[in-house]
Amino acid sequence: MIEAVCFDYYNTCTSAVRRSGGHRRTAEVLGVDPAAWLSVLDRTYDERARGGYGSHLAGLRRLCTELGAEPTTAQLREAAELRLATVQADAPLRPETLGVLHALRAAGVRIAIVSDCWFELPLVLPRTPLADVIDAAVYSCQVGHTKPHAAMYATACAQLDVDPARCLYVGDGGSRELTGAARFGLTAIQLRAPDLGAHLTFHAEPDWRGPVVTSLESVPGLVGARELVA
């Protein structure tokens, strides 16, 4: 019997992530070239997601240093706020996400968000409607490892107080999260929603051969929860 479900956040609970103009504005505030800014974000993704760049202001300062810029504290604070707003704009919640989570909670299923992320999501998630529905949130920048490392799944199962064999994992496949979840003993399911394909992701898992759903609305049925009502 499934007792809990772990959801990836970006590209799973959210619509396909696509970079908006906020990144250019953030770069301009920091006094760096926008193209170079995107490049350094891509290059440092893994280390940032493991928490290696420290706090948000320290991390932004370090990125700027790598680009030869020395922004003021005021610039860093403005850029941090822009970064938070931009990340939210890049990844709005799927329209069905909240209803799916409510259906699972109504069926007594425990829920966790398990995400590779930098400083943004721990600040953003508590501001979303999901905060009142989930039981746990596991952030790579706090765990010190990114998916598919076992520590991410072990932390989620411990916070949910569930055996991995009684837990589903749902994600788009970034960070080879599905293989990692299955290796740890969870039942891993890939979300292949119609909007996914050209989305922003790192370390994708195109060779996944396990279970697949095309909508989050399929998940409650997989664990015996009542179907969503349109």
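Position 1 is the first residue of the sequence, and the numbers go up from there.
Hydrophobic cluster membership differs between Phe184 and Val162, with clusters built from Ile, Leu, Val, Met, Phe, Trp and Tyr side chains linked at under 4.5 angstrom. No chain of hydrophobic side-chain contacts below 4.5 Å, direct or via other Ile, Leu, Val, Met, Phe, Trp or Tyr residues, connects Leu160 to Leu125. Ile189 and Ile111 fall within a single hydrophobic cluster, where Ile, Leu, Val, Met, Phe, Trp and Tyr are joined by side-chain heavy atoms under 4.5 Å apart, directly or via other members. Ile134 and Tyr139 fall within the same hydrophobic cluster, where Ile, Leu, Val, Met, Phe, Trp and Tyr residues are linked whenever their side-chain heavy atoms come under 4.5 Å apart, directly or through other members. Following chains of ILVMFWY side-chain contacts shorter than 4.5 Å, one can reach Tyr10 starting from Leu200, so the two form part of one hydrophobic cluster.
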Item to check | Worked verdict on Tyr9 versus Leu93 for side chain to side chain contact (heavy atoms under 4.5 Å, CB included) | outcome: CA-CA 9 Å; Tyr9 185 75; Leu93 286 177; 3.9 Å; yes

Checklist entry - Does the side chain to side chain contact (heavy atoms under 4.5 Å, CB included) test come out yes or no for Thr86 and Ser20, once each step is laid out? => result CA-CA 7 Å; Thr86 298; Ser20 63; 3.7 Å; yes

Checklist entry - When you look at His56 and Leu84, which way does the side chain to side chain contact (heavy atoms under 4.5 Å, CB included) test go after all the steps? => result CA-CA 10 Å; His56 58 296; Leu84 289 175; over 6 Å; no

Next on the checklist: Checking Asp172 against Gln190 for the side chain to side chain contact (heavy atoms under 4.5 Å, CB included) test, could you report, in this order, the C-alpha distance in whole Å, the side-chain angles of both residues, the deciding distance, and whether it holds?
Outcome noted: CA-CA 5 Å; Asp172 67 295; Gln190 185 178 39; 5.6 Å; no

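In the model, Glu177 has a side-chain atom that pairs as donor or acceptor with a side-chain atom of Tyr169 under 3.5 Å.
Contact of the Cys167 side chain with the Tyr153 side chain is not registered, since no non-hydrogen atoms from C-beta on lie closer than 4.5 Å. Inter-residue side-chain proximity for Phe202 and Asp116 is flagged as unmet; no heavy-atom pair is nearer than 4.5 Å. In this structure, Tyr45 and Val40 have side chains that are not in contact, with every pair of non-hydrogen atoms separated by 4.5 Å or more. No side-chain heavy atom of Thr146 sits less than 4.5 Å from a side-chain heavy atom of Met152. The shortest distance between side-chain heavy atoms of Leu101 and Val5 does not fall below 4.5 Å. Between Arg50 and Asp46, the closest side-chain pair of non-hydrogen atoms falls below 4.5 Å. Under the 4.5 Å side-chain criterion, counting only non-hydrogen atoms from C-beta, Phe7 is in contact with Leu104. At a threshold of 4.5 Å between non-hydrogen side-chain atoms, the residues Cys157 and Leu186 count as touching.
We find that Asp42 and Arg19 are joined by a salt bridge, their nearest charged nitrogen and carboxylate oxygen being less than 4.0 Å apart. Taking 4.0 Å as the cut-off between side-chain N and carboxylate O, Arg176 and Asp207 count as a salt-bridged pair. Between Glu66 and Arg43 there is a salt bridge, with a side-chain nitrogen of the basic residue lying less than 4.0 Å from a carboxylate oxygen of the acidic one.
From Arg83, atom CZ reaches atom CG of Leu123 across 12.0 Å, with rounding to the nearest 0.5 Å. One distance of note links CG of Leu216 with SG of Cys13; it measures 6.5 Å at 0.5 Å rounding. Summarising the geometry, atom CZ belonging to Arg25 is positioned 11.0 Å from atom CD belonging to Glu78; distances are rounded to the nearest 0.5 Å. For the atom pair Thr187 OG1 and Leu222 CG, the distance stands at 10.0 Å (nearest 0.5 Å). To the nearest 0.5 angstrom, Arg192 atom CZ is 15.0 Å from Ser215 atom OG. From Asp163, atom CG reaches atom CZ of Arg166 across 7.0 Å, with rounding to the nearest 0.5 Å.
Residues Arg183 and Pro148 approach most closely at NH1-O, 4.4 Å, considering heavy atoms. The nearest pair of heavy atoms linking Thr12 to Asp8 is OG1-OD2, 3.0 Å. The heavy-atom pair separating Lys147 from Val114 by the smallest distance is NZ-O, 3.0 Å. Considering every non-hydrogen atom in both Pro71 and Leu76, the closest pair reads CG-CD2, 3.6 Å. Between Asp132 and Arg105, the shortest heavy-atom distance links the atoms O-NH1, 4.0 Å. Taking every heavy atom of both residues into account, Ser140 and Cys117 meet most closely at OG-N, 2.9 Å.
A donor-acceptor contact shorter than 3.5 Å links the side chain of Trp208 to the backbone of Pro211. At least one donor-acceptor pair closer than 3.5 Å links the side chain of His199 to the backbone N or O of Gly197. Judged purely by atom type and a 3.5 angstrom limit, Glu205 uses its side chain to pair as donor or acceptor with the backbone of Thr179.
Arg77 CZ: 12 or fewer foreign heavy atoms inside a 6.0 Å radius. Annotation for Arg24: atom CZ does not count as buried by contact number, only 12 or fewer foreign heavy atoms lying within 6.0 Å.
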Run the side-chain donor-acceptor check on residues 26-35: report pairs under 3.5 Å with partners two or more places apart or on a different chain.
unit_1, atom_1, unit_2, atom_2, d
Thr26, OG1, Gly22, O, 2.8
Asp33, OD2, Ala35, N, 3.1
Asp33, OD2, Ala36, N, 2.9

